[in-house]
Protein chains: 2
Amino acid sequence: MGTALKRKAKKLLSSVKLRRTNPRVAVLGLLLAVDKPLTQDQISTRLGRNAPDKVTIYRTLESFVRAGLVHRAFLQERVWHFELADDCTEQQCHPHFTCTSCGDTHCFTGVTMPMARSPEKGFVIGHQRVQLEGFCPKCNPNL
Amino acid sequence: MGTALKRKAKKLLSSVKLRRTNPRVAVLGLLLAVDKPLTQDQISTRLGRNAPDKVTIYRTLESFVRAGLVHRAFLQERVWHFELADDCTEQQCHPHFTCTSCGDTHCFTGVTMPMARSPEKGFVIGHQRVQLEGFCPKCNPNL
DNA sequence: TAGCTAAATGCAACTAAGTTGCAAGTATTT
DNA sequence: AAATACTTGCAACTTAGTTGCATTTAGCTA
Ligand SMILES: [Mn+2]
Ligand SMILES: [Mn+2]
Ligand SMILES: [Zn+2]
Ligand SMILES: [Zn+2]
């Protein structure tokens, strides 16, 4: 991991009053670098030989979520994907697109969706999530 | 389960060329009756004493999904929720609202959302899913 | 109606994502 | 440098969903 990324990660950690430990710098630096949702397993693999323990990665991510640095980006499988909580408003994150052919996920950061309106009085819609699936350019049969 | 429901379930099964077995009639009848997403566990509990085996419920639901009778309505937890595949178009199902206070889920069947537009050439958006969370009328602090 | 067969079921064992408890280590404060 | 609250790693656990296989059954045919 680049020194610049490490510095950025440490700064971020301090800004939310989290201790600047090695596992946290590594995980946060990675999320800063890849800029797309990753699972615990993917994080572990990418950090390679001296990746922190699985439990530490989960707890690290949990602390990031609590601090508001990271979101769980719910995809359609059974595993959680985590990404930085930028490109989001209070009410909604950007849509996520997953290719049904190759499985790749893309962040549609430029796409904004109108908020759903409640069908009846009394509901308060605090947050909205949009998931998309289909073919990515690589797998598009018409291309 | 009511006789009418059973008859309806059997009819539906025949219409998609699935064998009319007891487990299938029971599970489909239940989904017809409750009209909201249920997990395998909830289905099993509601069917009570002589509910089919867990594996049978999963395989039953899988056959319904293959036949297009049922959708997996992905909610925010780690478990799958299944519901009848009506109130859906080819491109999107109705939004689902889950209350962050009491956990109840409501189907916003009347609410339609515009489809997201691809941010760049090449993506084909086949399906869109919208999840909402907030306070339900029961838990709304302003009510 | 009885028999045939492919499809469906039930059970036990398994997989894998995420959790919990606890002893040992360490970042920050003083 | 010492104190201590926070963090880490490991082992054991939980739980949703899967797999393999022997047994049963729905729907068909004779
Ligand atoms: Mn994203
Ligand atoms: Mn619904
Ligand atoms: Zn693709
Ligand atoms: Zn509620």
Side-chain angles (χ1 to χ4, degrees), chain A residues 6-7 9-30 37-67 69-82 103, chain B residues 6-7 9-30 37-67 69-82 103:
Chain A
K6 247 182 197 153
R7 206 153 350 105
K10 286 184 182 175
K11 214 166 162 183
L12 256 178
L13 287 172
S14 296
S15 78
V16 295
K17 299 194 168 47
L18 285 177
R19 288 193 182 179
R20 300 144 48 126
T21 65
N22 286 335
R24 284 185 179 159
V25 173
V27 172
L28 187 52
L30 177 59
L38 295 178
T39 65
Q40 178 277 318
D41 200 62
Q42 292 170 322
I43 290 169
S44 186
T45 301
R46 289 189 185 231
L47 292 182
R49 204 70 209 97
N50 42 6
D53 184 77
K54 174 179 81 151
V55 181
T56 299
I57 294 179
Y58 277 120
R59 291 202 270 229
T60 287
L61 289 164
E62 202 190 323
S63 73
F64 293 170
V65 170
R66 266 203 314 273
L69 288 179
V70 160
H71 281 173
R72 273 185 259 262
F74 296 89
L75 306 185
Q76 50 280 83
E77 302 119 55
R78 213 157 58 269
V79 296
W80 292 347
H81 293 240
F82 298 85
Chain B
K6 247 183 196 151
R7 201 149 0 99
K10 285 183 181 174
K11 213 166 163 184
L12 256 176
L13 286 171
S14 297
S15 77
V16 296
K17 299 192 169 46
L18 286 177
R19 287 193 182 180
R20 300 145 48 126
T21 66
N22 287 334
R24 285 183 180 161
V25 173
V27 173
L28 188 52
L30 178 58
L38 295 178
T39 65
Q40 177 276 320
D41 200 61
Q42 292 171 323
I43 290 169
S44 185
T45 300
R46 289 189 186 231
L47 293 182
R49 204 71 209 95
N50 43 6
D53 184 76
K54 175 179 80 153
V55 180
T56 300
I57 295 180
Y58 277 120
R59 292 201 269 229
T60 287
L61 290 164
E62 202 190 323
S63 73
F64 293 170
V65 170
R66 266 203 314 273
L69 288 180
V70 160
H71 281 173
R72 273 186 258 262
F74 296 88
L75 306 185
Q76 51 281 83
E77 300 119 54
R78 214 156 58 268
V79 295
W80 293 346
H81 293 242
F82 299 84

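These figures come from a predicted structure and were not determined experimentally. In what follows, every chain begins at residue 1, and chains take the letters A, B, ... in the order their sequences are listed.
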In short, the helix from dT1(C)-dA30(D) to dT30(C)-dA1(D) is bent end to end, axes from five pairs each side, to 10°, by 30°
Find the distance between CG (L18(A)) and CG (L12(A)) and round it off to the nearest 0.5 Å. 10.0 Å
Steps toward side chain to side chain contact (heavy atoms under 4.5 Å, CB included) verdict (T39(B), W80(B)): CA-CA 6 Å; T39(B) 65; W80(B) 293 346; over 6 Å; no
Rounded to the nearest 0.5 Å, what's the gap from CD on Q40(B) to CZ on F82(B)? Could you check? 8.5 Å
Provide, to the nearest angstrom, the distance between the CG atom belonging to N22(A) and the P atom belonging to dG25(C). 16 Å
Out of curiosity, K10(A) NZ to L13(A) CG, how far, rounded to the nearest 0.5 Å? 9.5 Å
Measuring from atom OH of Y58(A) to atom CD1 of I43(A), what distance do you get when rounded to the nearest 0.5 angstrom? 9.0 Å
P52(A) side chain: which of dG9(D), dT7(D), dG27(D) is closest? dG9(D)
Can you pull out every salt bridge (Lys or Arg N to Asp or Glu O under 4.0 Å) where at least one residue sits in residues 40-67 of chain B? Sequence neighbours excluded, please. E62(B)-R66(B)
Give a yes or no answer on whether the side chain of R24(B) reaches the backbone of R19(B) with a donor-acceptor pair at less than 3.5 Å. yes
Nearest-0.5 Å distance that lies between atom CG in L61(B) and atom CG in L69(B): 11.0 Å
Expressed in angstrom and rounded to an integer, what is the separation of N50(B) atom CG from dT9(C) atom P? 15 Å
Compare the minimum distances between each of dC10(D), dG10(C), dT7(D) and the side chain of T56(B), then state the nucleotide with the smallest one. dG10(C)
Mind checking if S63(A) touches a base, just sugar-phosphate, or nothing, with heavy atoms under 4.0 Å? nothing
Once each nucleotide of nucleotides 14-20 of chain D is scored for protein heavy atoms under 4.0 Å, what B/S/- sequence comes out, 5' to 3'? --SBBBB
Short question: side chain of T56(A), backbone of P52(A) - any donor-acceptor pair under 3.5 Å? no
In whole Å, I'd like the distance from the CZ atom of R19(A) to the P atom of dA27(C). 9 Å
Whole angstrom value for the distance that separates P of dA17(C) from CD of E77(A): 11 Å
Measure CZ/R24(A) against C1'/dG9(D) and give the value in whole Å, please. 15 Å
May I have the distance from F64(B) (atom CZ) to dT9(C) (atom P), rounded to whole angstrom? 9 Å
Given atom CG of L38(A) and atom C1' of dA17(C), what is their separation to the nearest angstrom? 16 Å
L18(B) or D53(A): which one's nearest nucleotide on DNA chain D is closer to the 5' end? D53(A)
